[in-house]
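Structure first, commentary second.
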Amino acid sequence: MKPKVLVTREVFDETLAFLGQHCDVESNQPDVAYAPDELARRLADKDGLMCALTDRVDAPLLERGPRLKVVANIAVGYNNIDVPACTARGIMVTNTPGVLDDSTADLAWALMLAAARRLTEVEGYVRGDGWKGWCLKQWLGVDVHHATLGIIGMGRIGQVIAKRATGFEMKVLYHNRKRIAPDIERRLNAAYATKEELVRQSDFVVLQVPYSPETHHLIGAAELKLMKPTAILVNSTRGGVVDDAALVAALKSGVIRAAGLDVFENEPKLHPGFLDLDNVVLAPHIGSSTEATRRAMAMTAARNAVAALTGGTPPNLLNPR
Ligand code: DGY
């Protein structure tokens, strides 16, 4: 008898083919997210769960999956999963680190550049047939090159973002729970700063910390007030790291210049006000969404699930015994 796996969202054909070699697979190719009760019902006879950040995996759900041995998240972030509750039941939890670092860093840069050069505003202008010709003072943006980049969260993705700053000849500051090794600081030409120093001095503040109770509203009204009025905030990590209500107010009143956002506190709902602002670039949580990266993420999650269900140790186990 093969172990039974539930895949909660649409995945690629090769992901299903690989899983099918080792498991009986129930998948959700129509990709209509399961309501909590339906997810629990489908989990009742499953040994493995391959899920996405849109699925909440908590103690009440685990109660209804008595056979569950592994929860394989198709994401590097795993704040949707109650890891201690899984550990208490002997359930392995895995994520997909590494395969999405470059793509996610690219998106942070795309948001930075788009907000600095007002790309979404000017695109609307051109498409709206408003362009009557070149003017010296038209759509003035701010320079990215030679500016100061502040990165909060200097893990793998933060470091890739910093690496790309070399080409723009930027000064790089970073803040992290733990200072990174001196040789990496040197290689990235990045200087450690307190959170307060970083937000005061940076022209671009980019957030790359995972979401947790400790990082909830890491950037709120107080931090926004410390930022330069010309500064741009980029959040492509997780909603909730920024206090969206405070950010809308700051963007509206010119406390900071602009923002580039890929994630939101109650996504897919946006905080009222974002849609009325011109000085915010909005994206629908696509940080890792390139064809190659999303395929790699799905396959990484599948390999983790299969390893766990065939007696091995998953390569990306978050809760080793
Ligand atoms: C992640 O992997 O955590 C991303 O947010 C998914 O796109």
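For this chain, numbers begin at 1 and follow the sequence in order. Atoms considered below: every heavy atom in the structure, side chains included; atoms not considered: hydrogens, waters and symmetry mates. Just so it is clear, the structure is predicted and the values come from calculations on it, not from any experiment. Atoms within a ligand are numbered from 1 in the order they appear, just like the ligands themselves.
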* State, with a plain yes or no, whether a side-chain heavy atom of Ile256 is found less than 4.5 Å away from one of Pro229. => no
* With a 3.5 Å cut-off and no angle check, do the side chains of Glu196 and Thr194 form a donor-acceptor pair? -> no
* To do: Measure the acute angle between the ring planes of Trp109 and Phe168, then classify it against the limits of 30° and 60° as parallel, tilted or perpendicular.
  => parallel
* Measuring from each atom of ligand 1, which residues have a heavy atom under 4.0 Å away? -> Leu53, Ala75, Val76, Gly77, Leu100, Arg238, His285, Ser288, Arg294, Met297
* Asked: How would you list all residue pairs meeting side chain to side chain donor-acceptor pair (under 3.5 Å) that involve residues 306-321, not counting sequence neighbours?
  -> Thr87-Asn319, Asn304-Asn316
* So, for Tyr78 and Asn73, which heavy atoms are closest and what is the spacing to 0.1 Å? -> CA-ND2, 3.7 Å
* Asked: Applying the side-chain hydrogen bond (donor to acceptor under 3.5 Å, both in side chains) test to Glu265, which of Arg238, His271, His217 qualifies?
  -> His217
